[in-house]
Amino acid sequence: MHSKNRLCWAFSLLLMLSSWPAAAGVLLGGTRVILQEKDREASIPLKNTGNSPYVVQTWIDAGEGKNKTPLLVTPPLSRLDAGMENILRIVRVQGGLPADRESVFWLNVKEIPEKSAEENVLQIAVRTRIKVFYRPSGLPGKSFEAKDQLQWAVGAGDKGQGTVLKVGNPSAYHVTFTALKINGDQQVISADMIAPLGQSSYPLTALKSPQEVEVVFTTLNDYGGETPEEKVRVPVGDKPVSVKAELVPVPPDGAKR
């Protein structure tokens with residue numbers, strides 16, 4: 001009986017945590033950081049918008065579980081009182097990085113609340129995670145031009161099974177999508193980021209065999225802002241090819257279609 005009660009209590013706690021409105025009290029002053037090779041460091045402000053102090057822990061990784069990186073963030077541990085601000089500084093300290101393309105890392109900021117004086121109080125440490133781009137000097141083109149160089153194709157999936165949208169990025173910069181809409185709202189793909197000189201494939205679940213599709217997409221710029229909607233007619237093919245994108249007309253009321 002006691003075991004069953006503990007199981008029910010744990011399940012209820014799990015449900016509560018899954019719907020917990022864990023809004024961060026410590027907010028970063030941006031959604032991404034770009035560290036230029038010519039600069040000694042890059043910085044980003046953070047502010048405690050809550051009513052209580054927090055201990056703020058920061059670190060940089062190259063992906064979950066990959067904590068060894070050539071970048072360092074300071075301060076790694078600090079106290080931030082209510083309403084106060086601080087500056088995080090990111091510097092390159094060691095290690096070789098590709099000189100012909102961007103590299104990407106992640107800045108982690110964990111806010112740890114002070115111990116409550118009350119009993120039976122659930123406290124949650126919230127972690128914020130944003131991208132850090134290391135940008136070598138002398139890269140060809142401009143970062144905002146990278147989306148215009150994307151290459152597209154619709155082809156068969158692995159071992160000839162299913163249909164996939166193939167997107168290639170021949171530029172030296174990362175391209176981050178915010179949305180990929182296939183044939184209107186036939187399918188919406190939650191795409192993220194295509195690495196420089198890389199390629200990604202996305203299953204087209206509504207298609208039984210490869211056929212030309214229209215793709216409407218948006219991306220993020222260096223400031224974390226969303227670019228205007230663009231559309232491409234993607235041909236059938238084994239390899240992605242360059243396709244000129246066109247801006248999607250904005251309705252008179254200014255709303256997206």
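For the numbers below, each heavy atom of this structure counts, side chains included, while hydrogens, waters and symmetry mates do not.
Using a 4.5 Å cut-off on side-chain heavy atoms (C-beta onward), Leu35 and Leu71 make contact. The shortest side-chain heavy-atom distance between Tyr54 and Pro113 falls under the 4.5 Å cut-off. Looking only at side-chain heavy atoms (C-beta outward), Phe177 and Ile194 come within less than 4.5 Å of each other. In this structure, Glu37 and Leu97 have side chains that are not in contact, with every pair of non-hydrogen atoms separated by 4.5 Å or more. Counting heavy atoms from C-beta outward, Pro75 and Leu88 have side chains that approach closer than 4.5 Å. By the 4.5 Å heavy-atom criterion applied to side chains, Met84 and Asn48 are not counted as neighbours. Here the side chains of Asn169 and Leu150 are in contact, with some heavy-atom distance below 4.5 Å. Taking 4.5 Å as the limit, every side-chain heavy atom of Arg32 sits out of range of all side-chain heavy atoms of Ile130.
The only option from Glu214, Glu229, Gln187 that meets the side chain to side chain donor-acceptor pair (under 3.5 Å) definition with Lys181 turns out to be Glu229.
Remark: Met193 CE to Thr219 OG1 distance equals 13.0 Å, nearest 0.5 Å. Atoms CG and OG, from Asp192 and Ser200 in turn, are 9.0 Å apart once rounded to the nearest 0.5 Å. Of the inter-residue distances, the one linking Leu204 atom CG with Gln211 atom CD reads 9.0 Å to the nearest 0.5 angstrom. Summarising the geometry, atom CD belonging to Gln199 is positioned 6.5 Å from atom NZ belonging to Lys166; distances are rounded to the nearest 0.5 Å. Distance check, rounded to the nearest 0.5 Å: CD of Glu41 to CD1 of Ile87 gives 10.0 Å. Separation of atoms OG1 (Thr69) and CZ (Arg92) is listed at 11.0 Å; rounding is to 0.5 Å.
When the side chains of ILVMFWY residues are joined at heavy-atom separations under 4.5 Å, either directly or via intervening members, Trp59 and Ile90 end up in two distinct hydrophobic clusters. Linking ILVMFWY residues whenever their side-chain heavy atoms come closer than 4.5 Å, directly or via other members, leaves Ile112 and Val73 in distinct clusters. In the hydrophobic cluster analysis, where Ile, Leu, Val, Met, Phe, Trp and Tyr join through side-chain heavy atoms closer than 4.5 angstrom, Val91 is grouped apart from Phe105. Leu72 and Leu107 sit in two unconnected hydrophobic clusters of ILVMFWY residues. Membership requires side-chain heavy atoms under 4.5 Å apart, directly or through other members. Leu207 and Val216 fall into different hydrophobic clusters, where Ile, Leu, Val, Met, Phe, Trp and Tyr are joined by side-chain heavy atoms under 4.5 Å apart, directly or via other members.
When the side chain to side chain donor-acceptor pair (under 3.5 Å) test is applied to Gln57, no partner is found at least two apart in sequence or on another chain. Residues passing the side chain to side chain contact (heavy atoms under 4.5 Å, CB included) test with Lys38, sequence neighbours excluded: Gln36, Ser137. Not counting sequence neighbours, the partners of Arg79 by the side chain to side chain contact (heavy atoms under 4.5 Å, CB included) test are Pro53, Asp81. By the side chain to side chain contact (heavy atoms under 4.5 Å, CB included) test, Val236 pairs with Pro210, sequence neighbours left out. A search for side chain to side chain contact (heavy atoms under 4.5 Å, CB included) contacts involving Arg129 returns Asp61, Glu64, Trp106, Asn108, Arg127, not counting sequence neighbours.
Shortest non-hydrogen contact noted between Ala191 and Leu180 is CB-CD1, 3.4 Å. Shortest non-hydrogen contact noted between Val164 and Pro203 is CG1-CA, 4.1 Å. Across Lys131 and Val104, no two heavy atoms sit closer than the pair CB-CG2, 4.2 Å. Taking every heavy atom of both residues into account, Ala172 and Pro140 meet most closely at CB-CD, 4.3 Å. The heavy-atom pair separating Ile34 from Arg135 by the smallest distance is CD1-NH2, 3.7 Å. The two atoms that bring Pro235 and Val241 nearest to each other are CG-CG2, 3.9 Å, heavy atoms only.
A donor-acceptor contact shorter than 3.5 Å links the side chain of Tyr173 to the backbone of Gly141. Listed for the Glu102 side chain is no donor-acceptor partner under 3.5 Å among the backbone atoms of Phe133. Looking at Glu111, its side chain does come within 3.5 Å of a backbone N or O of Val26 through a donor-acceptor pair. Side-chain atoms of Lys147 do not come within 3.5 Å of backbone N or O of Val175 as any donor-acceptor pair.
A ring pair (Phe, Tyr, Trp, His ring centres under 6.0 Å) check over residues 70-91, counting only residues at least two apart or in different chains, returns nothing.
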- What do the steps show when you test Leu46 against Val109 for side-chain contact (heavy atoms from CB on, under 4.5 Å), and what is the final call? CA-CA 10 Å; Leu46 72 165; Val109 178; 4.3 Å; yes
- List the steps, then state whether side-chain contact (heavy atoms from CB on, under 4.5 Å) holds for Ile182 with Ile189. CA-CA 8 Å; Ile182 312 299; Ile189 298 175; 3.9 Å; yes
- Item | Test log, rule side-chain contact (heavy atoms from CB on, under 4.5 Å), inputs Trp152 and Leu165 | CA-CA 7 Å; Trp152 309 80; Leu165 173 68; 4.2 Å; yes
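If you check the side chains of Glu226 and Thr178, you find a donor sitting under 3.5 Å from an acceptor.
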